[in-house]
Amino acid sequence: MRHPILFDTDPGVDDAQAIAIALRHPELELLGLTTTYGNVDVEVATRNALLLAELAGREVPVAQGAAAPLIKPRHPAPAHIHGANGLGDIPLPAVRGRADPRSAAQFIVDTVNGRPGEVTLVAVGPLGNLAAALQLDPTLTERVNRVVIMGGAIREGGNVTPVAEANMFNDPDAAARVLTAGWPLTLVGLDVTHRCVLTPEHMARIEAGQGELGRVLAGSYAFYRDFYRDFLGIEGCCPHDSCALAWLLRPELFTTARGHLTVVTEGDAEGQTIFAPQGRAFIEARWARTPLVEVCLDADGPAVSDWIADSLA
Ligand code: RIB
Ligand code: CA
């Protein structure tokens, strides 16, 4: 069975790896890429998305979206992690194609409504595009097949603050709307992605298997790997965004739970995701006020990492 997906992204080195899987995997039908600011400015994200599709020899619509958070001022892009060009500052070929004239939000609404009940939204950046799509059409929640989000942390600490994961922290107001919208939703957060390491051996196999696209994935990986070595002492990198696709296609590798999510939008804990397991009574009822969702608590990290490399090798 092929899963029809829309992939919302801020490429980004680990986004690029996930986009490659979305473009290449035989069990996925990629209906389009929608772009947001986050790892880079949104114009750069759009250029990278167009480029990656062209290098894979695919004609896939790319629709540009959010340039800034819904409400708060934007945090600076992490050029020390992804490079100023989002792809490790390696030289990149010119892009031939152009973005779809529609906004990312309109593109999401049109695509989901065009195939009611079929489309899975996979989002791996700040969540402004999904929040804007909900604003355009609140009934979208009834016609999406599922929403899979790389973001948040349940038991794991944060990666940009002690409690917040980057995609949540970059737009907590959008995240709060999207995570509590009442659609079928799975959160794949740092509890999973920090168990996974894409090693240099994995990347050598990917480079050998992906032609011109492999050159860009390997070059950008080298830059990203330096960050992981210098800041986290890991020999390799966490393939955050690919984990969302791994959950979609290999859910048996993950441990999940159902419950209620809250996103903190103000104060020191801004961007934190708080999870209240289904049926667990806390001192106040308010932790159960949001709709039930599914969150990942753990994964077989080596198996997920191997699946990512195998998918691209
Ligand atoms: O916290 C990991 C997430 O933030 C990933 O989506 C990665 O691309 C970064 O932006
Ligand atoms: Ca991302």
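- The main-chain N or O of Ala131 is never found under 3.5 Å from a side-chain atom of Arg177 such that the two would form a donor-acceptor pair.
- Side-chain contact between Asp137 and Arg143: present, with at least one pair of heavy atoms (C-beta onward) separated by less than 4.5 Å.
- The SG atom of Cys243 sits 13.0 Å away from atom CG of Leu248, with the distance rounded to the nearest 0.5 Å.
- For the pair Val13 and Gly88, the tightest heavy-atom approach, listed with the atom from each and the gap, is CG2-N, 4.1 Å.
- For the pair Gly38 and Pro78, the tightest heavy-atom approach, listed with the atom from each and the gap, is O-CD, 3.6 Å.
- A donor and an acceptor atom, one from each side chain of Thr256 and Glu294, are located under 3.5 Å apart.
- From Arg215, atom CZ reaches atom CG of Leu55 across 7.5 Å, with rounding to the nearest 0.5 Å.
- A donor-acceptor contact shorter than 3.5 Å links the side chain of Ser220 to the backbone of Leu217.
- For Glu235, the CD atom counts as densely surrounded, since its 6.0 Å shell holds more than 12 non-hydrogen atoms of other residues, nucleotides or ligands.
- Using a 3.5 Å distance cut-off with no hydrogens or angles, the side chains of Thr34 and Asn129 do not pair a donor with an acceptor.
- Environment of CD in Gln135: sparse, with no more than 12 heavy atoms of neighbouring residues, nucleotides or ligands closer than 6.0 Å.
- For the pair Leu187 and Ile154, the minimum side-chain heavy-atom distance is below 4.5 Å.
- Here the side chain of Asn159 pairs a donor or acceptor atom with the backbone of Ala166 at under 3.5 angstrom.
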(request) Before giving the answer on side chain to side chain contact (heavy atoms under 4.5 Å, CB included), spell out for Phe223 and Ile90 the whole-Å C-alpha distance, their side-chain angles and the decisive distance to 0.1 Å. (result) CA-CA 9 Å; Phe223 185 97; Ile90 61 170; over 6 Å; no

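- A continuous path of ILVMFWY side-chain contacts below 4.5 Å connects Val216 to Leu33, so both sit in one hydrophobic cluster.
- At a threshold of 4.5 Å between non-hydrogen side-chain atoms, the residues Val304 and Phe254 count as touching.
- Of the charged side-chain nitrogens involved, at least one lies within less than 4.0 Å of a carboxylate oxygen, so that Arg74 and Asp41 count as a salt-bridged pair.
- Atom-to-atom distance recorded for Leu190:CG and Arg195:CZ is 9.0 Å, nearest 0.5 angstrom.
- Asp306 and His202 share a side-chain donor-acceptor pair at under 3.5 Å.
- Side-chain atoms of Thr120 do not come within 3.5 Å of backbone N or O of Ile5 as any donor-acceptor pair.
- Interatomic distance, Ile108 CD1 to Leu134 CG, rounded to the nearest 0.5 Å: 9.0 Å.
- Under the 4.5 Å side-chain heavy-atom criterion for grouping Ile, Leu, Val, Met, Phe, Trp and Tyr, Leu249 is connected to Ile206 within one hydrophobic cluster.
- For the pair Met168 and Leu179, the minimum side-chain heavy-atom distance is below 4.5 Å.
- Linking ILVMFWY side-chain heavy atoms closer than 4.5 Å, directly or via other members, places Val119 and Trp247 in two distinct hydrophobic clusters.
- In this structure, the separation between CZ on Arg115 and CG on Leu6 is 10.0 Å, given to the nearest 0.5 Å.
- Other residues, nucleotides and ligands contribute over 12 non-hydrogen atoms within 6.0 Å of the CG atom of Asp230.
- Judged by distance alone, the side chain of Arg155 and the main-chain N or O of Asp298 form no donor-acceptor pair under 3.5 Å.
- Ring planes of Phe227 and His80: perpendicular class, angle over 60° (limits at 30 and 60°).
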(message) Using salt bridge (charged side-chain N to carboxylate O under 4.0 Å, His left out), reason through Glu266 and Lys72 one step at a time and then give a plain yes or no.
(response) CA-CA 10 Å; Glu266 302 293 339; Lys72 297 193 161 59; 3.5 Å; yes

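- The two residues Thr290 and Leu261 have their closest heavy-atom pair at OG1-O, 2.9 Å.
- Side-chain contact between Cys296 and Asp191 is absent, with no heavy atoms from C-beta onward closer than 4.5 Å.
- One distance of note links CG of Asp8 with OG1 of Thr36; it measures 6.5 Å at 0.5 Å rounding.
- When all heavy atoms are compared, the tightest approach of Ala105 to Ala132 is CB-CB, 3.6 Å.
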(message) Between Glu165 and Gln272, is the side chain to side chain contact (heavy atoms under 4.5 Å, CB included) condition met? List the steps.
(response) CA-CA 7 Å; Glu165 181 279 328; Gln272 182 179 15; over 6 Å; no

(request) Given side chain to side chain contact (heavy atoms under 4.5 Å, CB included), test Asp14 with Gln17 step by step and report yes or no. (result) CA-CA 5 Å; Asp14 63 314; Gln17 298 156 6; 4.0 Å; yes

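- At least one side-chain heavy atom of Ile21 sits less than 4.5 Å from a side-chain heavy atom of Trp307.
- Between the side chain of Asn85 and the backbone N or O of Val44, no donor-acceptor pair lies under 3.5 Å.
- Side-chain contact between Leu245 and His25: absent, with no pair of heavy atoms (C-beta onward) separated by less than 4.5 Å.
- Under the 3.5 Å distance criterion, the side-chain polar atoms of Asp15 are left unmatched by any main-chain donor or acceptor of Asp241.
- Arg258 CZ: more than 12 foreign heavy atoms inside a 6.0 Å radius.
- Arg2 and Glu118 are not joined by a salt bridge, as no carboxylate oxygen comes within less than 4.0 angstrom of a charged side-chain nitrogen.
- The shortest heavy-atom contact between Trp183 and Val178 is NE1-O, 3.0 Å.
- Looking at every heavy atom in both residues, Gly12 comes nearest to His82 through CA-ND1, 3.5 Å.
- Linking ILVMFWY residues whenever their side-chain heavy atoms come closer than 4.5 Å, directly or via other members, leaves Phe169 and Val124 in distinct clusters.
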(request) Apply the test side chain to side chain contact (heavy atoms under 4.5 Å, CB included) to residues Glu43 and Gln64: give CA-CA distance (whole Å), side-chain angles for both, the deciding distance (0.1 Å), then the verdict. (result) CA-CA 8 Å; Glu43 293 81 9; Gln64 182 164 299; 4.2 Å; yes

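- Counting heavy atoms from C-beta on, the side chains of Glu212 and Glu54 never come closer than 4.5 Å.
- Listed for the Asn167 side chain is no donor-acceptor partner under 3.5 Å among the backbone atoms of Leu127.
- Note: the hydrophobic cluster containing Val122 does not contain Leu130 (ILVMFWY, side chain heavy atoms under 4.5 Å, direct or indirect links).
- Counting only distance, with no hydrogens or angles, the side chain of Gln210 and the backbone of Leu213 share no donor-acceptor pair below 3.5 Å.
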